[in-house]
Amino acid sequence: MTDAPLGLYVHWPYCARICPYCDFNVYKARGDDEALFQSLVADLGYWAERLERRSLVSIHFGGGTPSLMTPAQIGELIGKAELMFGFAPLIEIGLEANPNDSDGFEGFRAAGINRLSLGVQSFQDDALVALGRDHDGAAAHRSHELARKNFDAVSLDLIYAREGQTLADWEAELTAILSEQPGHVSAYQLTIEPGTAFDRRVARGELIPPGDSLGAELYTLTQTLCADAGMTGYEISNHCREGQSSRHNRLYWEGADWIGIGPGAHGRMGNFRSGGRVASTTVLKPAAYIEQVTRTGCGSDIETLSALDEARERILMGLRISDGLDIDRITALTGHSIDLEEAGRLERQGLIGIDDRIVRLTPDGRLYADGIAQLLCP
Ligand SMILES: C[S@@+](CC[C@H](N)C(=O)[O-])C[C@H]1O[C@@H](n2cnc3c(N)ncnc32)[C@H](O)[C@@H]1O
Ligand code: SF4
């Protein structure tokens, strides 16, 4: 038995339309897929038995578009999770929502959702058309208003570094958004993911995203504008007002435990019998996930991570947050440390700071987080 924090991630893989930049595990369908829903409930039951009674500090409905689930399904899953695990005080229960689903917000709140991540991406019609979104600026504004009315905590997902976007454009756009005083903003630089429609357009020369140097300037501008608006950049892409950071996402970055259910979901947790850490992975296709849960009672394949893989993952994730990476904790948990010689070099280059055995990326270092993590890995 342990009282270490435990979260639950629920992946709902359906979307009304597939966006041309997205490489998440998504399938085009509207609808509430009752068979998939029942498999989620059964899979949750598997984990409840395996983990005995550990209370949940957070639940996150991600996707895909979980705002396509019905409020009744969301409420039922939350109710079952409470019965099976119990809830820690002030549990965060978050849902990723598309602006077109704002009619459901009241129902989602009544079902138990207390934090909404709203995928507005932009409030500008032309940007939304370029991103291939199925909502417009008016829907983005309306849904933001409704979200604020219904939920204690609201986060806005934004995408910048879009084709043709200048520093002045983004400054004006983000300044207008920040003037509405959002509590939390996730601002993502557009990534051209392999295999997406945007990737094919780039290959054909039909889409020219900003180059690395403009991308870096746009990133730095984002940090400055958010900080000037009183928001802390507590993670590379995430900014919040005091006390409004995402409790669930912190579990990932801090290397805590979470269960993952639904097609393509990942989970991580301590192996309390033999030590170390286990990784759970579910199959990607909804039909295959349903079939596996029906046949075995569990949607996941579970493997024990090697101590080295665990250390590498902890370094990669821990570097992302402004709290930084505790070198001694990594060693205590895995027996490995960071490459201290490399760390010294990176510190002299101004890319990281090391203070009291905590490694933090500097503002310049934040631009190269993944590369730095690789250099620091044992
Ligand atoms: C998994 S999506 C789900 C949210 C919801 N379905 C939506 O699109 O509004 C979470 C967020 O990832 C971001 N995202 C997805 N693909 C991206 C890409 N290629 N580049 C930058 N951000 C991306 C978007 O901001 C999106 O809101
Ligand atoms: S960005 Fe959101 S709505 Fe678009 S395909 Fe990806 S998960 Fe679905």
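Atoms within each ligand, like the ligands themselves, are counted from 1 in listed order. For clarity, every value in this text was computed on a predicted model and none was experimentally measured. Keep in mind that the numbers below use all heavy atoms, side chains included, and drop hydrogens, waters and symmetry copies.
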ring-ring contact (aromatic ring centres under 6.0 Å, His included): pairs with one or both residues in residues 35-62, sequence neighbours excluded: H60-H248

Count of N, O or S atoms belonging to protein, less than 2.8 Å from atom 4 (Fe) of ligand 2: 1

Test of ring centre spacing under 6.0 Å for Y234 and H239: no

Pairwise side-chain contact, Y14 with T65, heavy-atom cut-off 4.5 Å (strictly under): no

Pair D339-L375, side chain to side chain contact (heavy atoms under 4.5 Å, CB included): steps then yes or no: CA-CA 8 Å; D339 181 334; L375 289 171; over 6 Å; no

Main-chain N/O of N100 paired with N98 side-chain donor or acceptor, under 3.5 Å: no

Atom CG of D212 with >12 non-hydrogen neighbours under 6.0 angstrom: no

Any side-chain donor near an acceptor of the partner, D169 and T166, under 3.5 Å: yes

Heavy atom of the protein closest to atom 7 (S) of ligand 2 (residue, atom name, distance): G64 N, 3.4 Å

Residue contacts for ligand 1, heavy atom to ligand atom, distance under 4.0 Å: Y21, F24, G63, G64, T65, E96, N98, G119, Q121, R133, D157, I159, Y188, Q189, L190, T191, E193

Within the 6.0 Å centroid threshold, strictly below: W258 and Y9: no

Identify all side-chain donor-acceptor contacts of residues 310-320 below 3.5 Å with residues at least two apart in sequence or on another chain.
from : atom 1 : to   : atom 2 : distance (Å)
E310 : OE2    : R314 : NE     : 2.9
E310 : OE2    : R314 : NH2    : 3.2
R312 : NH2    : P378 : O      : 3.1
E313 : OE1    : R268 : NE     : 3.3
E313 : OE1    : R268 : NH2    : 2.9
E313 : OE2    : R268 : NE     : 2.7
R314 : NH1    : G255 : O      : 3.1
R314 : NH2    : G255 : O      : 3.4
R320 : NE     : E235 : OE2    : 2.5
R320 : NH2    : E235 : OE2    : 3.0

Side-chain touch V10/L77, heavy atoms, less than 4.5 angstrom: yes

